[in-house]
Visitor: 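Structure incoming, see below.
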Amino acid sequence: MLERFLPATISLALVAVGTTGCKPSLNYSGDPDGGGNTGIDAGVSVLEHHNHPSRDGVYVESALTRTAAGGMHLDPAFNATIQGPTYAQPLFLDNGPGRQDLIFAATEQNIVYALDAATGSVVWQRNLGAPVPLVHLPCGNINLLGITGTPVIDLETRTLFVDAMTTPDQGVTKKHLVFGLSIDDSSIRPGWPVDVSAVVTSPVQFDSAVQNQRGALALLNRTLYVPYGGLWGDCGTYHGWVLGMPLANPSSVGAWHTRARGGGVWGPSGVASDGSSLFIATGNTSGTTIWQDGEAILKLGPGPVFNVQPASYFTPNDWKYLDDTDLDLGGVAPVLFTLPGPVPASFVVALGKNRNAYLLDPNNLGGQSAGGLFSATVTTDEIITAAAAYTTLQGSYVVFKGRGTNCPGASAGDLVAIRVSSSPPSFITAWCATQNGAGAPIVTTTDGRANTIVWSVGAEGDNRLRGFDGDTGQVVFAGGGASEAMGNVRRFQTPIVAKGRIFVAADNRIYAFRP
């Protein structure tokens with residue numbers, strides 16, 4: 001196997017009440033960063049994967065009108081050099097130490113950088129230990145293997161949390177260490193790092209040698225959640241894991257794992273949350289003839305804990321076929337969202353390597369069924385990416401990387417948007433476009449609904465940033481000229497947006513685009 005959800009009481013329509021140019025008001029319980037923190041002004045900070053716990057990938061940015069987007073170009077004042085490869089999404093801190101905006105990047109070299117967001121110069125960097133060479137892993141496709149999953153920032157404690165795959169002895173011993181770093185000076189917080197293999201020993205031993213950490217980390221109610229899958233190639237006795245580390249006592253780890261071997265939590269967006277529960281997608285299991293947590297969307301309680309009841313999971317009727325053919329449901333993390341209307345309708349969308357999209361009820365996932373509330377084949381190829389969800393004046397959409405089916409008119413390509421309806425729950429293909437690569441899309445809007453633009457990168461393709469009209473898929477930024485070509489951008493990489501600029505992480509550089 002390889003590789004959003006607003007709370008039910010808040011709809012995407014509420015994005016429009018956010019202050020123009022600031023992070024949209026998508027929070028609940030006075031929680032500015034989605035991590036259970038109150039009273040902290042996050043401004044336009046990007047503290048986690050796809051900008052929100054829902055993993056919707058929506059950014060409110062007044063400067064990025066469709067007209068302005070046509071003039072995007074590299075910011076000549078920004079020159080940020082890092083040591084990659086880089087799979088993790090960068091993060092952004094608004095008004096950091098000394099009122100300085102910062103970009104954070106984490107690479108497979110196990111280096112975490114804080115960069116001046118205006119110039120790209122290094123403010124600090126921290127090496128978290130030697131990464132593991134591929135030759136010393138039982139399988140895999142990343143060399144060197146260090147930091148893969150996107151970190152998360154807790155503003156209340158001013159801490160960046162990240163998992164690093166390390167070796168103290170040139171690859172003989174492998175350790176997953178979860179660090180808490182000061183965002184001000186990179187110092188390691190007391191109680192961190194946590195050696196996962198040392199603290200997770202029962203009822204199943206966590207084996208760092210066969211587990212990889214690719215899904216984004218998440219915060220909920222003062223607990224850090226870290227998801228794990230296996231290595232490319234499905235070698236060894238690995239499981240899908242989600243660990244819960246209380247910020248006040250990180251070594252007191254709560255742990256959930258799939259009952260069967262496999263079932264990795266692979267999706268780049270990792271753990272999604274509605275503010276009270278956690279949602280994950282699991283991949284293929286092996287060695288079982290009865291369903292044991294694989295090929296599923298699971299709703300976990302804080303801890304994490306899993307109540308094995310139909311309301312708390314969805315798996316397709318053909319889960320065993322998906323297992324046997326490696327057509328995972330787990331390559332894309334759940335996206336949580338709410339359709340506006342007189343009675344807002346909340347959904348979970350799941351996307352699989354089996355080319356299907358599924359609409360699910362977050363309050364009753366439905367157990368084993370043919371396809372949840374609604375399902376359909378939406379691509380001709382496997383879906384392995386991070387999706388985004390957004391609402392415009394014309395409708396509500398989910399967009400993802402894939403070669404679409406039933407594309408309207410003469411449209412085609414490797415980026416698909418489906419339009420979602422709530423009565424009855426259903427979707428149709430709204431548009432298809434070409435991004436020329438394997439990047440994961442995000443969305444900008446000037447006020448929550450107007451001027452919606454889908455942005456994505458032709459990762460491991462032509463490595464160009466492109467923008468598309470959120471309603472039609474029409475190209476609004478075609479990648480720019482020769483000077484706008486980027487170096488190698490890794491698959492599944494996703495841009496971020498802050499203060500009128502779009503930032504993209506490539507192997508050895510962070511790029512900044514502006515109108």
Side-chain angles (χ1 to χ4, degrees), residues 4 6 10 12 14-28 30-35 37-65 68-69 72 75 77-78 80 88-105 113-120 123 150-156 158-160 183-184 216 218-219 388 390 441-455 465 467 494-505 510-515:
R4 281 168 0 173
L6 301 178
I10 300 178
L12 286 175
L14 293 186
V15 177
V17 305
T19 302
T20 301
C22 294
K23 191 172 181 177
S25 301
L26 298 179
N27 306 306
Y28 31 84
D31 181 0
D33 68 355
N37 305 333
T38 60
I40 306 295
D41 181 9
V44 296
S45 295
V46 180
L47 306 177
E48 58 192 308
H49 194 272
H50 266 195
N51 203 32
H52 301 118
S54 61
R55 305 314 193 201
D56 62 0
V58 173
Y59 297 79
V60 174
E61 178 49 68
S62 60
L64 291 181
T65 65
M72 294 293 284
D75 183 350
F78 186 83
Q89 174 203 285
L91 303 175
F92 182 92
L93 179 64
D94 180 24
N95 195 19
R99 306 189 67 82
Q100 182 181 34
D101 294 341
L102 297 178
I103 293 283
F104 295 93
Y113 295 87
L115 308 167
D116 185 316
T119 67
V123 175
T150 298
V152 65
I153 291 175
D154 175 58
L155 279 188
E156 183 173 317
R158 302 188 66 78
T159 303
L160 179 148
I183 58 176
D184 299 315
L219 287 164
Y390 60 101
I442 61 165
V443 179
T444 60
T445 168
T446 53
D447 65 0
R449 287 198 180 187
N451 279 291
T452 53
I453 304 172
V454 174
W455 299 91
L465 176 69
T494 187
I496 67 170
V497 180
K499 294 190 174 180
R501 292 184 293 170
I502 297 178
F503 297 90
V504 180
I510 306 293
Y511 294 85
F513 290 81
R514 69 184 324 147

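Here the structure is a predicted model, which is why all the values come from computation and not from measurement.
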Visitor: Between I442 and H50, does the side chain to side chain contact (heavy atoms under 4.5 Å, CB included) criterion hold? Intermediate values first, please.
Guide: CA-CA 7 Å; I442 61 165; H50 266 195; 3.7 Å; yes
Visitor: Quick check: closest heavy atoms across A69 and W455, and the distance to 0.1 Å?
Guide: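 Closest approach of A69 to W455, heavy atoms only: CB-CH2, 3.6 Å.
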Visitor: Measure from the side-chain N and O atoms of N51 to the backbone N and O of V58, and report whether any donor-acceptor pair falls under 3.5 Å.
Guide: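 Indeed, once roles are kept as given, a pair shorter than 3.5 Å links the two residues.
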Visitor: First locate atom OG of S62, then atom NZ of K499, and finally report the distance between them rounded to the nearest 0.5 Å.
Guide: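 Here the rounded value is 12.5 Å.
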Visitor: When you measure from the side chain of H52 to the backbone of Y59, do you find a donor-acceptor pair of N or O atoms at a distance under 3.5 Å?
Guide: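 No, the answer is negative, given that no donor and acceptor are paired below the 3.5 Å cut-off.
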Visitor: What residue among L155, L91, L160 forms side chain to side chain contact (heavy atoms under 4.5 Å, CB included) with L47?
Guide: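 Single pass found, and it is L155.
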Visitor: With sequence neighbours excluded, what pairs up with A450 under the side chain to side chain contact (heavy atoms under 4.5 Å, CB included) test?
Guide: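 Applying side chain to side chain contact (heavy atoms under 4.5 Å, CB included) to A450 gives T446, D447.
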Visitor: So which heavy atom on P53 is nearest to which on E48, and how close?
Guide: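 Smallest heavy-atom distance, with atoms named: CD-OE2, 3.3 Å.
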Visitor: For the pair N451 and T445, evaluate side chain to side chain contact (heavy atoms under 4.5 Å, CB included) and give the outcome as yes or no after the intermediate values.
Guide: CA-CA 5 Å; N451 279 291; T445 168; 5.6 Å; no
Visitor: Which heavy atom of H49 sits nearest to which heavy atom of R55, and what is that distance?
Guide: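 Minimum heavy-atom separation between H49 and R55: O-NH1, 3.1 Å.
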Visitor: Can you check side chain to side chain contact (heavy atoms under 4.5 Å, CB included) on L64 and I502, steps first, answer last?
Guide: CA-CA 10 Å; L64 291 181; I502 297 178; 4.1 Å; yes
Visitor: Less than 4.5 Å apart, side chain to side chain, heavy atoms only: is that true for L465 and P495?
Guide: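 Counting from C-beta outward, L465 and P495 do come under 4.5 Å.
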Visitor: Evaluate the side chain to side chain contact (heavy atoms under 4.5 Å, CB included) criterion for residues V497 and V46: first the C-alpha distance (whole Å), next the side-chain angles of each, then the deciding distance (0.1 Å), finally the verdict.
Guide: CA-CA 8 Å; V497 180; V46 180; over 6 Å; no
Visitor: Heavy atoms only: give me the nearest A88-A505 pair and the separation to one decimal.
Guide: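 For A88 versus A505, the nearest heavy atoms are O-CB, 4.4 Å.
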Visitor: Any salt bridge between R501 and E61, counting N to O under 4.0 Å?
Guide: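 E61 and R501: not salt-bridged.
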Visitor: Are the side chains of L102 and I183 in touch, meaning some heavy atoms are under 4.5 Å apart?
Guide: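 Answer no - side chains too far apart.
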Visitor: Taking all heavy atoms of A63 and all of G500, pick out the closest pair and write down the distance.
Guide: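 Between these two residues, the closest heavy atoms are CB-CA, 4.2 Å.
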Visitor: Which heavy-atom pair separates F92 from A117 by the least distance, and what is that distance?
Guide: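 That closest heavy-atom pairing would be CE1-CB, 3.7 Å.
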